[in-house]
Number of protein chains: 2
Amino acid sequence: MGKVKTKNKFNDFLLTQGLKSTNQRELILEEFLCAGSHLSTEELYLRLRRKNPRIGYATVHRTLKLFAECGIAEQRHFGDGQARYEASDHDEHHDHLICVACGKIVEFEDPRIEELQVEVAGGHGFTIERHRLELYGCCSDCCQG
Amino acid sequence: MGKVKTKNKFNDFLLTQGLKSTNQRELILEEFLCAGSHLSTEELYLRLRRKNPRIGYATVHRTLKLFAECGIAEQRHFGDGQARYEASDHDEHHDHLICVACGKIVEFEDPRIEELQVEVAGGHGFTIERHRLELYGCCSDCCQG
DNA sequence: CCTCAATTGAAAACCGTTTTCAACTTAAAG
DNA sequence: CTTTAAGTTGAAAACGGTTTTCAATTGAGG
Ligand SMILES: [Mn+2]
Ligand SMILES: [Mn+2]
Ligand SMILES: [Zn+2]
Ligand SMILES: [Zn+2]
């Protein structure tokens with residue numbers, strides 16, 4: 001989804017929910033879409049502070065939750081104790097490879113794994129609602145290779 | 001691994017690390033092995049309190065970390081914000097199915113998924129060190145079926 | 001026993017997250 | 001334009017699970 005389309009989706013969301021369009025929300029969305037993916041609230045907050053020192057952490061936090069509620073962002077947890085957010089650019093789901101040495105995050109999608117998950121879950125009488133697959137290891141930049 | 005063998009492994013660990021065998025550590029290990037799996041620190045603490053009200057939360061916390069360090073327990077995070085521990089009964093790895101309705105946790109292992117993970121990681125130049133796969137959904141007791 | 005390092009439990013500190021609340025904006029009404 | 005009501009903001013406090021602190025206690029070796 002393009003930047004403009006995302007902004008429109010958020011504005012529509014605000015309208016239908018009886019929420020207001022504010023300068024902060026616009027600034028936060030703009031920075032969220034420009035900055036790298038998988039940023040923590042703190043990281044995004046610090047980036048915003050550089051350009052606009054009057055913005056508050058609580059507002060960044062609340063706005064990111066709005067993004068998630070609206071469907072333009074997704075919250076992630078990679079085990080370092082803090083929530084991270086990424087834009088729901090594409091409608092397709094993906095999983096993550098995380099380098100334990102440099103922190104690099106690579107996204108991937110494998111239909112074969114997805115299918116096996118459904119099969120395994122079904123075998124235990126479960127209907128999958130969502131899943132989390134994270135592969136932690138060493139990337140080629142960090143380990144011999 | 002049997003209960004006796006686990007206790008021996010822990011005692012060996014204490015010896016080689018210059019740590020002491022204490023009444024609390026024995027009580028906590030016994031309860032940890034008897035009680036159900038995937039318990040949080042708080043849950044184990046509350047169970048221990050019933051039998052021995054003089055035990056402290058901090059000691060349970062520290063002892064569970066010792067168990068993990070020793071290799072007889074593993075820490076898990078299922079997204080409810082608290083750490084859970086399970087005995088490393090078998091040497092073989094397993095993943096989890098979690099019912100979002102009743103909280104039931106089912107363990108599974110699928111070599112085909114494991115293999116595909118290695119393949120996918122390799123394709124991105126990664127060497128997997130560990131992974132986390134959790135399937136969240138509805139179990140047969142909770143959903144129509 | 002004695003000694004000394006390890007352990008314990010209560011309480012405080014920690015840390016990311018979430019809420020509170022008075023001041024301020026926004027958007028719609030007058 | 002005002003005015004008004006409702007939503008928003010940011011600083012600070014509260015929260016909740018985890019971890020540390022520290023004085024008192026305990027365990028193992030001498
Ligand atoms: Mn991603
Ligand atoms: Mn398990
Ligand atoms: Zn790396
Ligand atoms: Zn269930």
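Values reported hereafter were calculated over all heavy atoms of this structure, with side chains retained and with hydrogens, waters and symmetry mates removed.
Taking a 4.0 Å limit (strictly below) on heavy-atom distances, residues 6-42 of chain B reaches DNA chain D at B:K20, B:S21.
Note: CD1 (B:I55) to C1' (C:dT8) measures 10 Å, nearest angstrom. Distance, A:L44 CG to C:dG16 C1': 16 Å, rounded to whole Å. Between A:L64 atom CG and C:dG16 atom P there is a gap of 16 Å when expressed in whole angstrom units. Rounded to whole Å, atom C1' of C:dG9 lies 12 Å from atom CG of B:N52. To the nearest angstrom, P of C:dC15 lies 14 Å from OH of A:Y57.
The residues B:K3 and B:E30 are annotated as salt-bridged, a charged nitrogen and a carboxylate oxygen being separated by less than 4.0 angstrom. Residues B:R84 and B:E42 are not paired through a salt bridge, judged by the lack of any N-O separation under 4.0 Å between the basic side chain and the carboxylate. Between B:E119 and A:R112 there is a salt bridge, with a side-chain nitrogen of the basic residue lying less than 4.0 Å from a carboxylate oxygen of the acidic one.
Without hydrogens or angle criteria, B:E43 side chain to B:S40 main chain gives a donor-acceptor distance under 3.5 Å.
Chain B approaches DNA chain D over the interval D:dG17 to D:dA28, counting the first and last nucleotide 5' to 3' with an atom under 4.0 Å from its heavy atoms.
The aromatic rings of A:F108 and B:H124 sit tilted, their planes meeting at an angle between 30° and 60°.
Other residues, nucleotides and ligands contribute at most 12 non-hydrogen atoms within 6.0 Å of the CD atom of A:E115.
Within the 4.0 Å cut-off from OP1 or OP2 of C:dT17, not a single side-chain nitrogen or oxygen of A:H61 is found.
The side-chain contact (heavy atoms from CB on, under 4.5 Å) test applied to A:C138 returns A:A101, A:C142, A:C143, not counting sequence neighbours.
Note on B:I98 and B:Y85: separate hydrophobic clusters, where clusters join Ile, Leu, Val, Met, Phe, Trp and Tyr whose side-chain heavy atoms are under 4.5 Å apart, directly or indirectly.
Contacts of A:R62 with the nucleic acid, taken as non-hydrogen atoms under 4.0 Å apart, include base atoms.
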